[in-house]
Number of protein chains: 2
Amino acid sequence: MARKVSRRGGNIVTIHDVARHVGVSPMTVSRVINGEKNVREETRAKVLASVEALNYSPNLAARSLATQDSARIGLLYSNPSVAFLSEFLVGILSESSQSGAQLLIESCEGPEGATAALEKMKANGCDGVILSPPLSDSSRVAKVLRDMDLPFVGVAMARPDPQVCCVTIDDFKAAFSMTKRLIELGHQRIGFIKGHPNAYASQTRFEGFEAAMQKAGITVDPALVAQGYFTYRSGFDAAERMLNCKDRPTAIFASNDDMAAGAVATVHRMGLDVPDHVTIVGFDDTAMASSVWPELTTVRQPIADMAALSVRLMNDQIRAKRLGKPFEPVREIRDFALIERQSSAPVGTA
Amino acid sequence: MARKVSRRGGNIVTIHDVARHVGVSPMTVSRVINGEKNVREETRAKVLASVEALNYSPNLAARSLATQDSARIGLLYSNPSVAFLSEFLVGILSESSQSGAQLLIESCEGPEGATAALEKMKANGCDGVILSPPLSDSSRVAKVLRDMDLPFVGVAMARPDPQVCCVTIDDFKAAFSMTKRLIELGHQRIGFIKGHPNAYASQTRFEGFEAAMQKAGITVDPALVAQGYFTYRSGFDAAERMLNCKDRPTAIFASNDDMAAGAVATVHRMGLDVPDHVTIVGFDDTAMASSVWPELTTVRQPIADMAALSVRLMNDQIRAKRLGKPFEPVREIRDFALIERQSSAPVGTA
DNA sequence: CTGAAAGCGCTTACAG
DNA sequence: CTGAAAGCGCTTACAG
């Protein structure tokens, strides 16, 4: 490893070392590393070989200083599930450290508290804001942001707004698919636990459920639809009510994993088994889903990836604004996935 | 806000703007910001006022480029609890983005798989490695690291090794305190669920439990000590065995939150209540503890803080090594805290 | 106690 | 297709 001694005695392979090794200018090495086209194929190959040989990898701090990419990004959240939030944060943090963005993190209690938090961010030189659900769906928050002339990106939005840049999955389709799968497993009496009323995703997921039921010609029994609040406890209570029906459901679809885990606990408490007596499925595939037993069948929403992508979109938007270029709001729809674990089974397994 | 237009059209307040505003050199501003002593009090005050007025905040990328602090830090983990890991990551990521460190993250299956992962890191120019438990306690991993001449920091180590730089809590004392608290609540028949045998913390926590019991003059019934594996399922099973004893425990102390949550599920399944019939307490205070119902009384281990501190220690160590200065291994013991939630109560509440 | 110079590693903008 | 120059915002090392 050819390493040079830096001003302070460290050993770091730089772009200059690679350049010298190959016999080109640092500029050419930079071009190869950044995948630019205007490099002769032969030169590119030599540079790449050298990068490999010297074990070069770029200094992110230097890059972001040079590119001026170092935006100051605000992240505003309002207590979603802890499991959701931490996965969200991991995505945000890792991408922003990659791109050299600085982070300003604030929480607030619902859309009403958002204004104060946003003003604080703005005062701290914030260039743009990333919104986690349910804030991302709040038109009130969106208005405040527009008035402040701050660009923003919404993550996991459930209500389409062509004006807003966002990263989501198709909640309707995801809920539809999961419901369809339950029906394929022979379930007919399927209970549904809704999410918090302040989140649009709650409504959209319920609509997906309804649509799949209707398509299969199954009537949704109102007694099997319960209001939840995305908490374990609310799932626990909702499931209890449903399971005390005379004609109890053979499957319960909860709008997130926390509630599904609560529903599993209720089933167990009643001396029944999951999935033998009741199938339980969740939504999100957070840490909760694979931490409980039986592990939850759920809809995987790639939260960390979505969060990371939102940082990239935010960077693009900030850069465009700085350059005075127009920025067309992007609506990125990521794929969801049905993850089948042990909490679901064909009907009548017991 | 006095903002200058940068090369690419952005508006950023820099150290120069502050300097001009105050009428001093950028150097002086830098000194004030970094809290150096050699600045006249009057000058310092003026600079600080200006920093406030212009809303200046330093560009981290520029700083880390200039200080050469940008170490490349490897993070090696071997599947601990997902909840534990995500809190750990949040701490690591936020501190490393603060300090401008680059991260190389690898996982492995136990100490045996560590060598390959570490070689990969080393090949990628890694300057030092942070170890999460149970890897942090592995003398085998420590030896590999020493042979590679890579500095490392262990997080949440349970076995004191004066040679190794680490950040921990006092697991013994923490387990002792929690047990003492249970005894104060009147519990005598207390069950204990051990953690995974490959983690030293499991042993240490058990010793703390034993010591507190002994000090209170209570004999530990071997039937009330079960082997767990830090998973929900293992807590579930262990609790089931204990609760089927003729003389069942009135309280169960699980060595982590996942197992405690599993134990709660078992109690419920048997038609009993938490905490009315059985008190259940956990350890760590991960997201799991406040996600289930009833929420868990537990020992708070400040995982994110500890992880963040480990990054700082790693940076110090790498800098010392680069400068050829000796670095005395530091052993940082953080405070734990007893968090009382709804899963515990005085004995005989029902 | 304060400042002018040089440099951190990379990229943009311009020339050829 | 390639390179020389200048600059990103900050700090170290040296003078005074």
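Side chains are part of it too, since the values below use all heavy atoms of this structure and drop only hydrogens, waters and symmetry mates. Letters go in sequence order (proteins before strands), and every chain restarts at 1.
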Chemist: Which residues satisfy the salt bridge (Lys or Arg N to Asp or Glu O under 4.0 Å) test with B/Glu332, sequence neighbours excluded?
Modeler: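 If we apply the salt bridge (Lys or Arg N to Asp or Glu O under 4.0 Å) test to B/Glu332, skipping adjacent residues, the hits are B/Arg334.
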Chemist: Does B/Arg40 have any salt bridge (Lys or Arg N to Asp or Glu O under 4.0 Å) partners at least two apart in sequence or in another chain, and if so, which?
Modeler: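 Expected list: B/Glu42.
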Chemist: For A/Arg63, check salt bridge (Lys or Arg N to Asp or Glu O under 4.0 Å) against everything at least two apart and list the hits.
Modeler: none
Chemist: Residues in side-chain contact (heavy atoms from CB on, under 4.5 Å) with A/Val51, at least two apart?
Modeler: A/Val18, A/Val47, A/Tyr56
Chemist: Is there a side-chain contact between A/Asn34 and the phosphate of C/dT11, meaning an N or O under 4.0 Å from OP1 or OP2?
Modeler: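 Yes, A/Asn34 has a side-chain N/O under 4.0 Å of OP1/OP2 on C/dT11.
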Chemist: Short of 4.0 Å, heavy atom to strand atom, which residues of residues 36-48 of chain A count as contacting DNA chain D?
Modeler: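 Contacting residues: A/Asn38, A/Val39, A/Arg40, A/Thr43.
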Chemist: Ignoring backbone atoms, establish whether A/Thr28 has a side-chain N or O less than 4.0 Å from OP1 or OP2 of D/dG3.
Modeler: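 Checking A/Thr28 against D/dG3: at least one side-chain N or O falls below 4.0 Å of OP1 or OP2.
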Chemist: If the condition is salt bridge (Lys or Arg N to Asp or Glu O under 4.0 Å), which residues does A/Glu328 pass it with, not counting sequence neighbours?
Modeler: none
Chemist: Looking for any heavy atom pair under 4.0 Å, which part of the strands does A/Pro58 touch: base, sugar-phosphate only, or nothing?
Modeler: sugar-phosphate
Chemist: Give a yes/no answer on whether the side chain of B/Ser30 brings an N or O atom under 4.0 Å of OP1 or OP2 in D/dC10.
Modeler: no
Chemist: Under the rule for side-chain contact (heavy atoms from CB on, under 4.5 Å), what residues qualify as partners of B/Val90, not counting sequence neighbours?
Modeler: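 So B/Val90 forms a side-chain contact (heavy atoms from CB on, under 4.5 Å) with A/Leu89, A/Val90, A/Leu93.
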Chemist: Where the side chain of A/Ala62 is concerned, which of C/dG9, D/dG3, D/dT12 is the nearest nucleotide?
Modeler: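 Output: C/dG9.
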Chemist: Identify each atom pair where a protein N or O and an N or O of nucleotides 14-16 of chain C are less than 3.5 Å apart, giving names and distance.
Modeler:
none

Chemist: Suppose the criterion is side chain to side chain donor-acceptor pair (under 3.5 Å): which pairs have a residue in residues 307-317 of chain A, not counting sequence neighbours?
Modeler: A/Glu95-A/Arg312, A/Ser99-A/Asn315
Chemist: Using both pair distances under 3.5 Å as the test, note the stems of at least 3 consecutive Watson-Crick or G-U pairs that include DNA chain C.
Modeler: C:1-3 with D:14-16, C:5-12 with D:5-12, C:14-16 with D:1-3
Chemist: Considering residues at least two apart in sequence or located in another chain, which fulfil the side-chain hydrogen bond (donor to acceptor under 3.5 Å, both in side chains) criterion with A/Asp149?
Modeler: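 Per chain and number, A/Asp149 pairs via side-chain hydrogen bond (donor to acceptor under 3.5 Å, both in side chains) with no residue.
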Chemist: Output all residues satisfying side-chain contact (heavy atoms from CB on, under 4.5 Å) with A/Arg331, sequence neighbours left out; order by chain, then residue number.
Modeler: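 Scan of A/Arg331 (side-chain contact (heavy atoms from CB on, under 4.5 Å), adjacent residues dropped) gives A/Pro160, A/Cys166, A/Thr168, A/Ile333.
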